[in-house]
Each structure stands twice: as structure tokens, then as C-alpha cells.
Amino acid sequence: MPRNQFQRMVFAFLTVLITVHAYVFYSLYVVNGSALCSATGASGVLSAIRQQGGVYMFGHFLPIWAVVLIEFVCAYTLELTMGSPCSFRLACKVFDPRTTHPVLFECAIICATVGLMCPAMSFLAAWMYYPYYEGFHLLTLLANWLRLVCFNLPFAYFTQMFFIQPFVRTAFKFLFRRDLARRSAPAAEAA
């Protein structure tokens, strides 16, 4: 799909933009929603977050927009430096992109990306959301990381494979339709 660095950056931007919002929602509502409500006595998650003064991150309570922004910067940087390049190389080790059906090759890239990004972002999240008020213990950090990987990996796989990546690919094709038409024109003339 993306053919140059600018297109790769746009593709990663779209993917991370949607993914970070999905994960913040998933983390706050699905994974921690009942704990937030029971800790504050609130009837809803947003009320619980308002009552406690924000989302606990880095030992402080931050507004949700700050949490989304911090996670976006971390995920976008990680996706550009590690996720995209390494997942393409891993997929190429298993499949030849010239002879493999494009859908199968894209699925291999998605699986490799999830396999790399989920543990990496969960490790960063284990640091960001660590309960520093209890003191720091390495084993607690590792246990929190493993817990986050167990919660996030199934969610990451299914959302990326069936919702996020199909939507991002459709949006990408729309945004770069002229470039895609220019690339397919010489192939049509040659045939």
C-alpha cells in the first residue's frame, strides 16, 4: 500500500490515531471501568474519572485528552521506528510479497505488527500506569506488563484484523487515489 516515506507516515498516523482512541476506551471502560466506579462510588466511568480528578498516569491524575496525546506520541514514534519496518521484514521472511496473494500478505503484516506493538506498548503502559504511590517493585512492573499483554493482545488482534486496518486501508486508498491511479495506469497500458 504505502510506497514512500510520506505515505508510510500518513498510514501510520491514521492507524495510531484510531488505535489509541480504541485502546484508551477499552482500558478505561472494559478493563478498569468497574474498578473505577467501585472506587469512587460513581454510577458511570466518566463520572468516576471526573470524581478522581482524571486518569492516573505517571503518579498523577491527568485529563483524558492528555492521556490520549501521550499515548499517541509514544505509539506513533514506536510504529514508525519499530512496528512498520520490522513487521514488513517479518512478513517477508515467511511470505514472498511478489508471489503471495495481497490479502494473505497484509494479514501477515498485521499479525507481525500486533505481535510487536502490543507487548511494546503494554510495557510502556506498565510504566505509565504503574501505582507509584505503593512504591516501585520490579516484579510488580513485570506482573502489570504481563497482565496488560493478556488483556490487550486479543483485543489488538481482532480490532486490527477486522476493523481498524480495513478502515485505514479504505481511507488511505481514498486519500491517495490519484497516486494509486497513476501507478495502475502504466500497468494497464502494458497489458
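None of these values were measured; they are calculated from a predicted model.
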Open item on the list: What's the separation between atom OG in Ser84 and atom CZ in Arg89, rounded to the nearest 0.5 Å?
Closed with: 10.5 Å
TODO: Could you tell me the separation between the CD1 atom of Ile64 and the CG atom of Leu69, rounded to the nearest 0.5 Å?
DONE: 13.5 Å
TODO: Verify the neighbour count for atom CZ of Phe72: are there more than 12 heavy atoms of other residues, nucleotides or ligands below 6.0 Å?
DONE: yes
TODO: Answer yes or no: does atom CZ of Phe6 have more than 12 heavy-atom neighbours from other residues, nucleotides or ligands under 6.0 Å?
DONE: no
Task: Residue pair Phe163 / Ile18, side-chain heavy-atom distance below 4.5 Å - done: no
- [ ] Just jot down the salt bridge (charged side-chain N to carboxylate O under 4.0 Å, His left out) partners of Arg178, sequence neighbours excluded, or say none.
- [x] none
- [ ] Using the rule that two of Ile, Leu, Val, Met, Phe, Trp, Tyr join whenever any of their side-chain heavy atoms come within less than 4.5 Å, decide whether Met117 and Tyr157 are in one cluster.
- [x] no
Task: Exercise: identify the closest heavy-atom pair between Ala120 and Met82 - done: CB-CE, 3.8 Å
Open item on the list: Would you say CZ of Phe58 has more than 12 non-hydrogen atoms from neighbouring residues, nucleotides or ligands within 6.0 angstrom?
Closed with: yes
Just distance, no hydrogens or angles: give the donor-acceptor pairs under 3.5 Å from side chains in residues 105-115, sequence neighbours left out.
| unit_1 | atom_1 | unit_2 | atom_2 | d |
| --- | --- | --- | --- | --- |
| Glu106 | OE1 | Arg169 | NH1 | 3.0 |
| Glu106 | OE1 | Arg169 | NH2 | 2.6 |
| Thr113 | OG1 | Ser87 | OG | 3.0 |
| Thr113 | OG1 | Ile109 | O | 2.8 |

Open item on the list: Does the Lys NZ or Arg CZ of Arg8 fall within the cation-pi geometry relative to Phe11 - under 6.0 Å from the ring centre and within 45° of the axis?
Closed with: no
Open item on the list: According to a hydrophobic-cluster definition based on side-chain heavy atoms being under 4.5 Å apart (Ile, Leu, Val, Met, Phe, Trp, Tyr only), do Met161 and Phe167 belong together?
Closed with: no
N/O donor-acceptor pairs under 3.5 Å from side chains in residues 38-46, not counting sequence neighbours:
| unit_1 | atom_1 | unit_2 | atom_2 | d |
| --- | --- | --- | --- | --- |
| Ser38 | OG | Ser34 | O | 3.1 |
| Ser38 | OG | Ala35 | O | 3.2 |
| Thr40 | OG1 | Leu36 | O | 2.9 |
| Thr40 | OG1 | Ala42 | N | 3.3 |

Open item on the list: Please determine whether residues Leu90 and Leu80 belong to a single hydrophobic cluster, defined as Ile, Leu, Val, Met, Phe, Trp and Tyr linked transitively by side-chain heavy-atom distances below 4.5 Å.
Closed with: yes
TODO: Determine whether Leu62 and Ile70 make a side-chain contact, defined as any pair of heavy atoms from C-beta on separated by less than 4.5 Å.
DONE: yes
Open item on the list: Please give me the minimum heavy-atom distance between Gln160 and Ile164, naming the atom from each residue.
Closed with: NE2-CD1, 3.6 Å
- [ ] Mind listing the closest non-hydrogen atom pair of Thr15 and Thr19 along with its distance?
- [x] O-OG1, 2.7 Å
Identify all side-chain donor-acceptor contacts of residues 124-131 below 3.5 Å with residues at least two apart in sequence or on another chain.
| unit_1 | atom_1 | unit_2 | atom_2 | d |
| --- | --- | --- | --- | --- |
| Tyr129 | OH | Glu71 | OE2 | 2.3 |
| Tyr130 | OH | Gly135 | O | 3.3 |
| Tyr130 | OH | His137 | N | 2.7 |
| Tyr130 | OH | His137 | O | 3.3 |

Just list the side-chain donor-acceptor pairs under 3.5 Å for residues 138-155, sequence neighbours left out, or say none.
| unit_1 | atom_1 | unit_2 | atom_2 | d |
| --- | --- | --- | --- | --- |
| Asn144 | ND2 | Thr140 | O | 3.4 |
| Trp145 | NE1 | Pro119 | O | 2.8 |
| Asn152 | ND2 | Ser122 | OG | 3.3 |
| Asn152 | ND2 | Leu148 | O | 3.2 |

Task: Minimum-distance pair of heavy atoms, taken over all atoms of Val16 and Tyr76 - done: CG1-N, 3.7 Å
Open item on the list: Applying ring-ring contact (aromatic ring centres under 6.0 Å, His included), can you list everything that pairs with Phe61, at least two apart in sequence or on another chain?
Closed with: Tyr56
TODO: Report the distance from atom CG of Leu78 to atom CE of Met121, rounding to the nearest 0.5 Å.
DONE: 6.5 Å
